[in-house]
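Below: one structure, written as structure tokens.
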Amino acid sequence: MARQLDEQISGRFPVGQRLRVLDVGMGQGTQALRLARLGHQVTGVEQDTRMIAAAREAVTREPEGIRERVRLVQGDGRDTGVHFLPGSFDVVLCHGVLMYVEEPDPLVAGLARVLAPGGLLSLLVRNGDALAMRPGLSGDWAGALAAFDTTAYTNRLGLDVRADRLTSLAATLDGIAAPLHAWYGVRVFTDTAADGAPVPEDLETLLAAEERAGRTDPYRGVAALLHLCGVRG
Ligand SMILES: C[S@@+](CC[C@H](N)C(=O)[O-])C[C@H]1O[C@@H](n2cnc3c(N)ncnc32)[C@H](O)[C@@H]1O
């Protein structure tokens, strides 16, 4: 995923340009910190008190030059219009968040609004076109059958959440003037690996296979997650 993001960033912006990045639903800040370490100016938004505390803690462990490039805002990703001016970011990330939002369109529209013209919007969502894969590959046939005609699912934390279909999210991106520019599958082969499973010895090969599948039809279409990249017109 990080490689896909870096590929999109390097394809759009001159090498070495310090980008203004917004990471909505940043969690513990893994991606935000990685981008700050690369030299970008990063703002993270997170609503959960414990998550933002963990992100703050992680920032304090960074050298000063990186710390001063990171700004954290506790708040709801649906309120970007309250915190930020239109067009004030070059890159906006929203990874692993839309599943928790009942009505994704207003949130995504808000993200597009704070993007500068030519800016990159990177969304990571649960793939609503392939929800039967996880139960099906785990031998849960009833679960697989039930998953065909819905975008609702129960995640690994036991929460009832929702997935997004590629065509409908692409239509949303069209409607908010940030049309789909590229998309990838994420977790094509590894979705059914148990949480906390030991890291395989041949991790590099596994990652190469995932990377290849994530950008190749028809494999990417049945990935657990979709990485959609829109570009603000
Ligand atoms: C699955 S985690 C993903 C974290 C990070 N973006 C990543 O990719 O590793 C989802 C995060 O989104 C946050 N979140 C969910 N809904 C949100 C909202 N409406 N506004 C801000 N953060 C939200 C959650 O608190 C959680 O930290």
Side-chain angles (χ1 to χ4, degrees), residues 1-9 19 21-38 40 42-59 61-62 70-84 89 91-115 120-128 131 134 151-164 169 172 176 183-187 190-191 193 195-196 207 210-211 214 223-230:
M1 224 287 308
R3 194 188 292 185
Q4 299 161 359
L5 182 62
D6 291 348
E7 171 180 290
Q8 289 299 319
I9 288 177
L19 301 171
V21 178
L22 176 66
D23 186 357
V24 171
M26 71 185 299
Q28 303 176 13
T30 310
Q31 204 61 237
L33 274 177
R34 190 183 72 83
L35 291 167
R37 288 187 200 115
L38 289 174
H40 304 303
V42 183
T43 302
V45 173
E46 171 58 54
Q47 69 177 9
D48 184 82
T49 307
R50 274 181 308 168
M51 283 291 183
I52 199 149
R56 284 212 174 94
E57 171 73 27
V59 172
R61 289 195 294 269
E62 295 293 321
V70 181
R71 183 183 161 210
L72 303 183
V73 176
Q74 183 165 11
D76 192 317
R78 290 168 287 198
D79 295 336
T80 47
V82 174
H83 300 290
F84 313 112
F89 294 96
V91 178
V92 173
L93 316 180
C94 187
H95 291 177
V97 177
L98 288 198
M99 341 18 200
Y100 300 103
V101 178
E102 264 177 46
E103 280 291 327
D105 286 12
L107 184 145
V108 179
L111 303 182
R113 189 179 151 277
V114 297
L115 259 185
L120 178 70
L121 176 60
S122 162
L123 303 174
L124 186 67
V125 302
R126 182 78 166 96
N127 183 1
L131 284 180
R134 188 178 288 175
T151 51
Y153 71 104
T154 304
N155 71 9
R156 289 188 169 125
L157 304 172
L159 299 172
D160 291 328
V161 288
R162 46 169 297 286
D164 286 284
L169 211 41
T172 298
I176 57 175
W183 70 275
Y184 308 86
V186 175
R187 282 212 245 135
T190 53
D191 185 51
D195 286 343
L207 292 176
E210 274 288 343
E211 180 66 26
L225 304 169
L226 297 177
H227 179 196
L228 277 68
C229 298

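Remember, it's 1-based here, ligands and their atoms both numbered in the order they're listed. We're numbering straight along the sequence, starting at 1.
- Of all the heavy atoms in Arg134 and Arg156, the pair that sits closest is NE-NH2, 3.8 Å.
- There is a protein heavy atom less than 4.0 angstrom from atom 6 (N) of ligand 1.
- Shown here for Thr49 and Gln74, the closest heavy-atom pair between the two residues is OG1-NE2, 3.2 Å.
- Below 3.5 Å of separation, one finds an N or O of Gly77 facing an N or O of ligand 1.
- Within ligand 1, counting atoms from 1 as listed, the ones closer than 4.0 Å to a heavy atom of His95 are 3 (C), 5 (C), 6 (N), 8 (O).
- Heavy-atom proximity to Gly96, at under 4.0 Å, picks out these atoms of ligand 1: 1 (C), 2 (S), 10 (C).
- Counting heavy atoms closer than 4.0 Å to ligand 1, residue Met26 contributes backbone atoms (N, CA, C, O) but none from C-beta onward.
- Taking every non-hydrogen atom of Val97 and a distance limit under 4.0 Å, the qualifying atoms of ligand 1 come out as 12 (O), 15 (C), 16 (N), 17 (C).
- Close contacts between ligand 1 and Gly27 involve ligand atoms 4 (C), 27 (O) [criterion: under 4.0 Å to a heavy atom].
- Side-chain contact, Gln8 with Ser122: no donor N or O sits under 3.5 Å from an acceptor N or O.
- For Glu46, a nitrogen or oxygen atom sits less than 3.5 Å from a nitrogen or oxygen atom of ligand 1, counting backbone and side chain alike.
- Of all atoms in ligand 1, numbered sequentially from 1 with element shown, those under 4.0 Å from a heavy atom of Met51 are 27 (O).
- Using a 4.0 Å cut-off between charged nitrogen and carboxylate oxygen, Arg61 and Glu57 count as a salt-bridge pair.
- For Gly29, the closest heavy-atom approach to ligand 1 does not fall below 4.0 Å.
- The pair Glu62-Arg37 meets the salt-bridge criterion, since a charged nitrogen lies less than 4.0 angstrom from a carboxylate oxygen.
- Of the heavy atoms in Gln47, both backbone and side-chain atoms come closer than 4.0 Å to ligand 1.
- Look at Thr30 and you'll find every heavy atom at least 4.0 Å from all atoms of ligand 1.
- Taking distance alone, with nitrogen or oxygen atoms compared against 3.5 Å, Tyr100 stays at or beyond that limit from ligand 1.
- One option in Gly44, Gly75, Gly25 has a heavy atom closer to atom 4 (C) of ligand 1 than any other, and that option is Gly25.
- Using a 4.0 Å cut-off between a side-chain N of Lys or Arg and a carboxylate O of Asp or Glu, Arg34 and Asp23 do not qualify as a salt bridge.
- Close approach of ligand 1 to Asp48 is summarised as follows: ligand atoms under 4.0 Å from at least one heavy atom of the residue are 25 (O).
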